[in-house]
Amino acid sequence: MTVTDTLDLAVTPPPGGQILHATARATVIWGDCRDPQVIAQVPAGYGLLCTDPPYGKAYKSGRSSNFQQIAGDDGSVDWPAVLAEWVGPVGTWVRGLATKRHVYVFGYTAEQLAGPLRLGGTADLVWDKTQHGSGALDIPWGSSHERITMGVHVKQQANRAAGEGRGAARLRRGTVLRYPRPNGAAARRHSNEKPVPLMADLIESSTVRGDLVVDPCAGSGSTGVAAVLEGRRCFLVEIDRLNAEETVRRVKAAERIADQIDAA
Ligand SMILES: C[S@@+](CC[C@H](N)C(=O)[O-])C[C@H]1O[C@@H](n2cnc3c(N)ncnc32)[C@H](O)[C@@H]1O
């Protein structure tokens, strides 16, 4: 595996992935987040898992015919089980997410995530997109929100049973987060692109400057952009080569801004 700026035209990432970008602020890997060799590269004891995995609904944007179906979105992948590997296998204290640190996962319920990700306490957040999509035209409701499950990862079962990880947030907030979904140029980057201010809100709520934020399904890189702009570090993996390259482009732009802020 090498750090490279050159284009690799192969569609499938190599075993272990390929590092496209590596700085003090950000690592971007073109790779499969189910690959144990990719998982092994995430630094131990990181500070936040913040991710938006495929929803398993063969989602295709109603807004544009430009987007292909999202990789891993055909329902064949057990995403809670994959994310469990990212927080660290059972019995692992050192690897993965540090204990009592937080996870944010889009599109999946607390019931689906609490067991595999070993969550002590959870909260159901709602991203209010402020406008509805077209969705199914035969019902009178167009979806204008997405669910986000927040949870506190507590490694040891006995500690979870004792209530550890509940009420760990520093600030108490309302659970509806209102941010317009990306539009204009942003809407052409990725069919499921999340707004950077939304991701920054999640990251700010659960980390401090310098913490490492991990997103194994980075898409167009909004998690990483928000992390870098907030003075955090990020570790990103994306299986689609074009998305991974877009992530690198956006993360580099965020790094230039972060450098200017630090120098001011
Ligand atoms: C819902 S999108 C994420 C969008 C992202 N939050 C953004 O703001 O652009 C899910 C992403 O996971 C990627 N993905 C699917 N399977 C993957 C895998 N096995 N490893 C890494 N990435 C994967 C897809 O290519 C897709 O870009």
Side-chain angles (χ1 to χ4, degrees), residues 27 29 32-56 72 75 77-127 146-177 199 201-218 223 227 230 232-237:
T27 301
I29 295 180
D32 185 336
C33 71
R34 297 164 296 177
D35 176 352
Q37 290 183 56
V38 170
I39 299 171
Q41 293 172 57
V42 69
Y46 67 87
L48 176 69
L49 178 76
C50 186
T51 193
D52 177 23
Y55 308 129
V77 178
D78 180 349
W79 283 103
V82 173
L83 297 180
E85 292 297 315
W86 280 80
V87 298
V90 173
T92 305
W93 280 88
V94 179
R95 263 183 60 187
L97 180 62
T99 198
K100 297 194 196 158
R101 300 307 300 264
H102 297 173
V103 308
Y104 291 95
V105 182
F106 284 75
Y108 290 82
T109 64
E111 289 70 26
Q112 291 171 298
L113 297 168
L117 273 62
R118 293 179 281 154
L119 303 180
T122 60
D124 299 325
L125 308 185
V126 171
W127 169 34
E146 285 184 28
R147 79 166 75 238
I148 310 166
T149 294
M150 177 267 171
V152 185
H153 173 61
V154 180
K155 289 204 182 291
Q156 202 170 48
Q157 202 278 335
N159 294 345
R160 288 196 298 283
E164 281 194 15
R166 296 187 186 279
R170 288 166 293 170
L171 299 172
R172 288 192 59 79
R173 306 264 313 274
T175 50
V176 177
L177 304 171
M199 305 314 295
D201 199 348
L202 303 180
I203 289 167
E204 264 196 350
S205 299
S206 293
T207 58
V208 296
R209 285 181 75 82
D211 271 349
L212 182 66
V213 178
V214 169
D215 185 350
C217 293
T223 304
E230 292 296 321
R232 280 65 168 169
R233 296 171 297 128
C234 64
F235 183 95
L236 311 172
V237 178

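Computed from a prediction, not measured in an experiment: that's the story for all the values here. For the numbers below, each heavy atom of this structure counts, side chains included, while hydrogens, waters and symmetry mates do not.
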Exercise. Would you say the side-chain atoms of Q41 pair up with the backbone N or O of Q37, donor to acceptor, closer than 3.5 Å?
Worked result: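 Checked: pair present.
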Exercise. For F106, does its backbone N or O pair with a side-chain atom of R147 as donor and acceptor, under 3.5 Å?
Worked result: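 No, the answer is negative, given that no donor and acceptor are paired below the 3.5 Å cut-off.
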Taking the side chain as every heavy atom from C-beta outward, state whether [X] and [Y] have any atom pair closer than 4.5 Å.
X: L202; Y: L177; answer: yes
X: L113; Y: V103; answer: no
X: V105; Y: W79; answer: no
X: V237; Y: W86; answer: yes
X: V152; Y: M150; answer: yes

Residue list, side-chain hydrogen bond (donor to acceptor under 3.5 Å, both in side chains) with [X], at least two apart or on another chain:
X: T27; answer: none
X: R101; answer: D211
X: E230; answer: none
X: D32; answer: R34

Residues forming a side chain to side chain contact (heavy atoms under 4.5 Å, CB included) with [X], sequence neighbours excluded:
X: P36; value: none
X: L212; value: P43, Y46, V214, R233, F235
X: A162; value: none

Could you measure the distance from the [atom1] atom of [X] to the [atom2] atom of [Y]? Nearest 0.5 Å is fine.
X: K155; Y: E164; atom1: NZ; atom2: CD; answer: 13.5 Å
X: L119; Y: H102; atom1: CG; atom2: NE2; answer: 10.5 Å
X: T99; Y: R160; atom1: OG1; atom2: CZ; answer: 8.5 Å
X: L117; Y: T149; atom1: CG; atom2: OG1; answer: 10.0 Å

For [X] against [Y], the heavy-atom pair lying closest together:
X: G165; Y: V154; value: CA-CG2, 3.8 Å
X: C217; Y: C33; value: SG-SG, 4.0 Å
X: V213; Y: R232; value: CG2-CB, 4.1 Å

Exercise. Hey, mind stepping through H153 and K100 against side-chain contact (heavy atoms from CB on, under 4.5 Å) and telling me if it holds?
Worked result: CA-CA 5 Å; H153 173 61; K100 297 194 196 158; over 6 Å; no
Problem set entry | All pairs passing salt bridge (charged side-chain N to carboxylate O under 4.0 Å, His left out) where residues 103-124 contributes a residue, at least two apart |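 Sorted pair list comes back empty.
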Identify each donor-acceptor pair in which a side-chain atom of residues 47-54 lies under 3.5 Å from a protein atom, sequence neighbours left out, and give them as a table.
from	atom 1	to	atom 2	distance (Å)
T51	OG1	D215	OD1	2.6
D52	OD1	Y55	OH	2.6
D52	OD2	K194	NZ	2.9

Exercise. Do V82 and V77 pass the side-chain contact (heavy atoms from CB on, under 4.5 Å) test, and can you show the C-alpha distance, the side-chain angles, and the key distance before you say yes or no?
Worked result: CA-CA 8 Å; V82 173; V77 178; 3.8 Å; yes
For this session: Quick one: list whatever passes salt bridge (charged side-chain N to carboxylate O under 4.0 Å, His left out) with D201, sequence neighbours left out.
Result: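 D201 satisfies salt bridge (charged side-chain N to carboxylate O under 4.0 Å, His left out) with R173 once adjacent residues are dropped.
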